[in-house]
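Because the structure is a prediction, the values reported are computed rather than measured.
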Amino acid sequence: MSKPSNIGKSSFGRTISFITDIKLAELEKQRLAYQAHIKVIDDSKALAEKGDILGQVKVLAKAVESWTGSGAVSRLDSIGGKLQLSDLDFWIHQAERDPSFNLDVARGWARTLEEHMHHNTLRFNAAKLFGNLFNEWISSGDSAALTYQSGVEEETFDSDAMSFVDVGRTDLRAEKEKLESVIFEDYPINTDKLHDYLEGLFDSAEGAAALERLRNNFANFGYALQRKPITTADVGYAIQGLLSSGLMDEENRDVLKAFKGNGTVMKELASVLNMRLSNLGSWCWPKEPMVVEFRRHLHGKYRGFTDPEIIDALFLQHIAVAWQVEMKIRLFDVFDSKAWARPGQPTPANSKRWSMQLQDGDGSFSINSARDDNRRQYFFLNRLQDEVSIPSSYDDLVDAPEGDEEGENMASPATVKRKLLHVMTTDCYLNKTLHGSHCMVRSDLEWFGPSLPHDTIFTVLEFLGFPTPWLNFFRAFLATPLRFPEDTQSRIRKRGTPIAYAMSVVFGEAVLFVMDLAVTQRAGGLHLYRMHDDLWIWDSDAKKVADGWAEMNTYADLAGLKFNKKKTGSTFVGTLTDDHVRLPEGDVRWGFLKFDPNAGRFVIDQEDVNRHIAETKRQLAGSKSVFGWINAYNKYVASFLRNFGGIPANCFTDAHINDLIETMGRIQTELFPKYEGTDGGAVGYLKKTIEDRFDIKDMPDGYFYFPIARGGLGLRNVALDVLGLEKFGRPLASNGKTNTLPEDLFKKQAEGDRSEYEASKERRDSRVGPTKVAFMSFDEYTSLRESWLSRWGETYREMLCSPNPRRITLMPKIREAMRDNSRDSEWDSIDWYEKWILSVYGGAIIDSFGGLEVVDHDLIPIGMVELFRTSRMSLEQ
């Protein structure tokens with residue numbers, strides 16, 4: 001298959017083609033040579049027909065031993081774990097001179113040697129197929145990274161994919177028109193009223209003290225940062241941060257990588273950045289306007305990017321991350337102060353009395369303590385970096401919950417979103433058990449980044465104490481000269497923040513921190529669970545939730561923010577009250593889940609699933625190569641599972657797991673109708689496709705699931721992620737009924753409170769004897785379920801944990817194959833999913849190819865495939 005000329009348009013494409021051509025040419029030479037080499041099999045069969053079994057063995061052994069190409073073995077190697085070449089000469093010598101020797105043994109030797117050559121032949125054929133699939137991918141124009149598909153028109157798409165492309169073009173036009181209508185129009189707000197509102201949040205003695213500390217710290221930090229030299233280490237951190245962001249095209253990303261490996265260049269970069277820092281007040285964007293480039297993401301949305309020049313990018317990244325780290329430290333000081341409302345906090349006197357009477361710790365393992373830990377770790381200012389050296393991942397920010405990678409000290413947005421679902425679900429069951437009700441509101445801010453008024457940003461930053469020189473620098477940063485590709489004139493941004501810049505995170509989190517504080521102060525300590533501009537509040541008390549929602553609206557109106565009505569809704573479990581009329585209308589959704597108040601839990605929205613099945617079909621239809629198809633399939637089926645909540649935690653019921661497994665099966669059935677003579681599902685589709693395109697049949701199922709590093713195709717079976725859990729790996733109940741409800745565990749806990757109370761009273765009395773201090777009443781004891789009792793805290797934490805995967809035993813056949821490849825210690829180092837694949841399909845792979853390596857990876861461009869899968873450029877670029 002010929003390669004399109006557009007591959008040669010980039011040095012990247014030319015390098016890939018050059019390396020690939022060399023490897024595949026060498027592969028074909030060896031394959032043809034091996035075909036000629038093993039023709040001795042026919043000669044050996046002729047000897048066997050004449051009764052010369054030992055002669056057959058000698059001919060076959062000589063052929064195996066004399067081959068020096070791929071699949072060669074030495075005299076010290078075993079053949080299929082059955083035959084050692086170094087011993088074979090002696091055995092043949094014995095057979096020739098021992099009248100009692102049974103020639104059936106020698107026939108077994110011959111079969112083993114023939115099997116070895118047959119396995120080598122299949123490995124060469126599989127390698128050729130791999131090469132053909134790779135060339136097909138290069139020629140197809142399929143994008144190597146779906147997450148970063150270009151927004152431009154694709155002339156190479158055929159008519160079958162046009163419906164998907166046309167939809168994309170419509171979305172692109174709408175996105176561009178909306179963006180233009182927002183960012184170039186100023187949005188004035190009443191800054192005096194907003195300032196007065198901010199003052200009101202700190203009007204208590206504790207609040208005033210916290211605000212004074214905050215302002216002093218920001219002033220000191222701003223002064224120090226402007227005078228702190230930028231080191232080569234700082235430059236390295238900035239480069240790493242940019243590489244983890246959505247900024248910079250592939251060419252500039254390669255330049256940044258090259259910079260990082262050159263000490264001299266790093267020193268020069270640090271010198272230039274220090275010069276810019278010393279002239280902070282004169283910094284501005286280049287006169288040449290920045291072009292807005294639209295990029296399409298896996299969820300289908302287009303976003304307008306503006307890639308800066310490299311030196312500006314490094315300078316802005318360094319400054320922004322430094323402010324992020326400082327902001328997180330200082331705003332957490334406010335979070336930990338008495339300015340932050342925390343209902344149910346025990347007084348020192350009560351803490352002492354409870355500790356004496358209950359011997360149940362100090363409340364640090366209670367439910368409220370667990371909630372506070374989760375808020376600190378996952379939900380409060382979670383977009384701000386903890387350390388300069390830990391970059392955030394833009395991939396997760398735009399595609400959550402599809403994305404699922406974690407930094408060292410910073411949970412990814414995908415992880416945060418899953419944790420939110422787990423906490424929300426657990427609190428729902430707990431509130432129903434203890435209070436008989438649960439109320440919840442979900443919303444997000446419409447076009448938050450692009451529409452954020454600059455007056456709001458600077459009113460908040462100035463109020464919090466950001467120094468004037470830095471406020472002026474931030475104004476220069478936001479006043480970006482922009483131009484759309486088809487425009488001839490540039491315009492200055494007057495509203496919003498640019499996407500994927502670390503600086504934009506500083507502004508957004510500062511503005512939304514105010515909403516966090518306002519909700520907890522004005523709604524009785526209610527916590528705003530926030531992932532950037534994705535907003536959730538819930539409580540057993542509908543009044544608290546309604547008050548919180550009212551305060552969110554009050555601040556939004558003052559700050560010039562607007563809630564997205566399509567993503568706003570509320571739900572309630574229990575008896576309705578007058579407070580419910582103050583709640584927003586609409587469903588409460590998380591991914592493909594919708595909260596069902598009748599069931600009291602999240603259920604899968606099958607209509608939403610149907611829409612995404614149709615979208616997945618269109619995307620798969622647009623893939624014209626097998627590798628491109630598998631890449632698209634893996635991304636989309638993984639996104640299905642993640643939008644169902646990912647790996648289920650213990651707070652999910654068997655009914656939810658049943659629904660999840662059945663829905664994943666339905667997705668497979670509807671994506672892939674059964675073809676005559678094939679199995680259904682993705683493997684059946686791929687078998688038929690490879691047979692139709694390359695005339696190759698009967699590849700074992702494991703070939704499709706085995707990782708590319710072993711010569712397989714790397715197809716992902718996401719159903720295993722659920723079926724393989726210890727808790728859910730058992731056969732499901734035949735009646736489909738729920739066996740264990742999380743709320744039953746809380747009810748059981750509540751039923752045990754009386755006996756625990758009496759036991760605590762007896763322990764106190766036996767320890768201190770008669771005392772004038774009366775033991776607490778049972779009502780007081782039960783009031784401590786959330787605020788003090790560690791037994792309840794332990795159950796709560798357990799609900800948030802995910803079950804362990806089932807233990808997989810290393811079978812002797814797999815162990816032997818690993819040992820033959822000097823990889824016998826590999827089993828403990830590979831992940832659970834690969835262990836499952838090896839256990840289920842490894843035996844058939846060994847039978848077909850003689851080992852666990854489907855092909856010799858030195859002969860095929862495995863590394864090129866992995867490079868394409870992680871590259872942010874399309875092959876056609």
A.B. asks: Is the number of heavy atoms from other residues, nucleotides or ligands within 6.0 Å of CD (Glu462) greater than 12?
C.D. replies: no
A.B. asks: For the side chain of Thr571 and the backbone of Met440, is there at least one donor-acceptor N/O pair under 3.5 Å apart?
C.D. replies: no
A.B. asks: Apply the salt bridge (Lys or Arg N to Asp or Glu O under 4.0 Å) test between Glu509 and each candidate in Arg530, Arg330, Arg383; give the one that qualifies.
C.D. replies: Arg530
A.B. asks: For the aromatic rings, using the six-membered ring if either is Trp, is the centroid distance between Phe572 and His580 under 6.0 Å?
C.D. replies: yes
A.B. asks: May I ask you to check whether Phe332 and Trp340 place their ring centres under 6.0 Å from each other?
C.D. replies: no
A.B. asks: In this structure, is the centre-to-centre distance between the rings of Phe775 and Tyr757 below 6.0 Å?
C.D. replies: yes
A.B. asks: Can you see which heavy atom on Phe602 is nearest to which on Val588, and at what distance?
C.D. replies: CE2-O, 3.9 Å
A.B. asks: Under the ring-ring contact (aromatic ring centres under 6.0 Å, His included) criterion, do His612 and Tyr636 qualify, and how do the steps go?
C.D. replies: CA-CA 9 Å; His612 284 79; Tyr636 274 89; 8.9 Å; no
A.B. asks: Do any pairs count as a side chain to side chain donor-acceptor pair (under 3.5 Å) and have a residue in residues 780-793, sequence neighbours left out, and if so which ones?
C.D. replies: Arg353-Glu780, Trp354-Glu780, Asp360-Ser790, Arg371-Glu786, His435-Glu786, Gln749-Arg791, Asp753-Arg785, Asp753-Arg791, Asp753-Trp792
A.B. asks: So, taking the atom named CE in Met515 and the one named CG in Leu201, what distance separates them when rounded to the nearest 0.5 Å?
C.D. replies: 11.5 Å
A.B. asks: Can you see which heavy atom on Ile189 is nearest to which on Asp455, and at what distance?
C.D. replies: CG1-CB, 3.7 Å
A.B. asks: If I compare all heavy atoms of Leu198 with all of Val460, which pair ends up nearest, and what's the gap?
C.D. replies: CD1-CA, 4.2 Å
A.B. asks: Can you measure from OG (Ser451) to CG (Asp533) and round to the nearest 0.5 angstrom?
C.D. replies: 9.0 Å
A.B. asks: Do we see a donor-acceptor contact under 3.5 Å between the side chains of Thr456 and Thr459?
C.D. replies: no
A.B. asks: Whether Arg522 and Glu551 form a salt bridge (side-chain N of Lys/Arg under 4.0 Å from carboxylate O of Asp/Glu) is what I want to check.
C.D. replies: yes
A.B. asks: Go through the steps to decide whether Arg754 and Glu758 satisfy the test salt bridge (Lys or Arg N to Asp or Glu O under 4.0 Å), and finish with yes or no.
C.D. replies: CA-CA 6 Å; Arg754 172 60 73 175; Glu758 297 294 345; 3.6 Å; yes
A.B. asks: Does either side chain, that of Tyr429 or that of Asp744, offer a donor lying less than 3.5 Å from an acceptor on the other one?
C.D. replies: no
A.B. asks: Give a yes-or-no answer on whether the side chains of Asn374 and Arg797 include a donor-acceptor pair shorter than 3.5 Å.
C.D. replies: no
A.B. asks: Which atom pair, heavy atoms only, marks the closest approach of Cys651 to His422?
C.D. replies: SG-O, 3.7 Å
A.B. asks: With sequence neighbours excluded, give me every salt bridge (Lys or Arg N to Asp or Glu O under 4.0 Å) pair touching residues 589-598.
C.D. replies: Asp587-Arg589, Arg589-Asp605
A.B. asks: Check whether Asn643 reaches the backbone of Ser639 with its side chain - one donor and one acceptor, N or O, closer than 3.5 Å.
C.D. replies: yes
A.B. asks: Side-chain donor-acceptor pair under 3.5 Å between Gln606 and Thr663, yes or no?
C.D. replies: yes
A.B. asks: Could you go through the side chain to side chain contact (heavy atoms under 4.5 Å, CB included) check for Trp549 and Ser443 one step at a time?
C.D. replies: CA-CA 10 Å; Trp549 175 240; Ser443 186; 3.9 Å; yes
A.B. asks: Closer than 4.0 angstrom, basic N to acidic O: yes or no for Asp579 and Lys543?
C.D. replies: no
A.B. asks: So which atom in Tyr529 and which in Val423 form the shortest heavy-atom distance, rounded to 0.1 Å?
C.D. replies: OH-CG1, 4.2 Å
A.B. asks: Which heavy atom of Val441 sits nearest a heavy atom of Ser570, and at what distance?
C.D. replies: CG2-CB, 3.8 Å
A.B. asks: Checking side-chain contact (heavy atoms from CB on, under 4.5 Å) against Phe644, which of Asp659, Leu421, Ile604 comes through?
C.D. replies: Ile604
A.B. asks: Return each pair, listed once, that meets salt bridge (Lys or Arg N to Asp or Glu O under 4.0 Å) where at least one residue sits in residues 188-197; pairs must be two or more places apart or across chains.
C.D. replies: none
A.B. asks: Considering the options Asp541, Asn431, Thr433, which one meets the side chain to side chain donor-acceptor pair (under 3.5 Å) requirement together with His438?
C.D. replies: Asn431
A.B. asks: With a 4.0 Å cut-off on N to O distance, would you call Arg611 and Glu615 a salt bridge?
C.D. replies: no
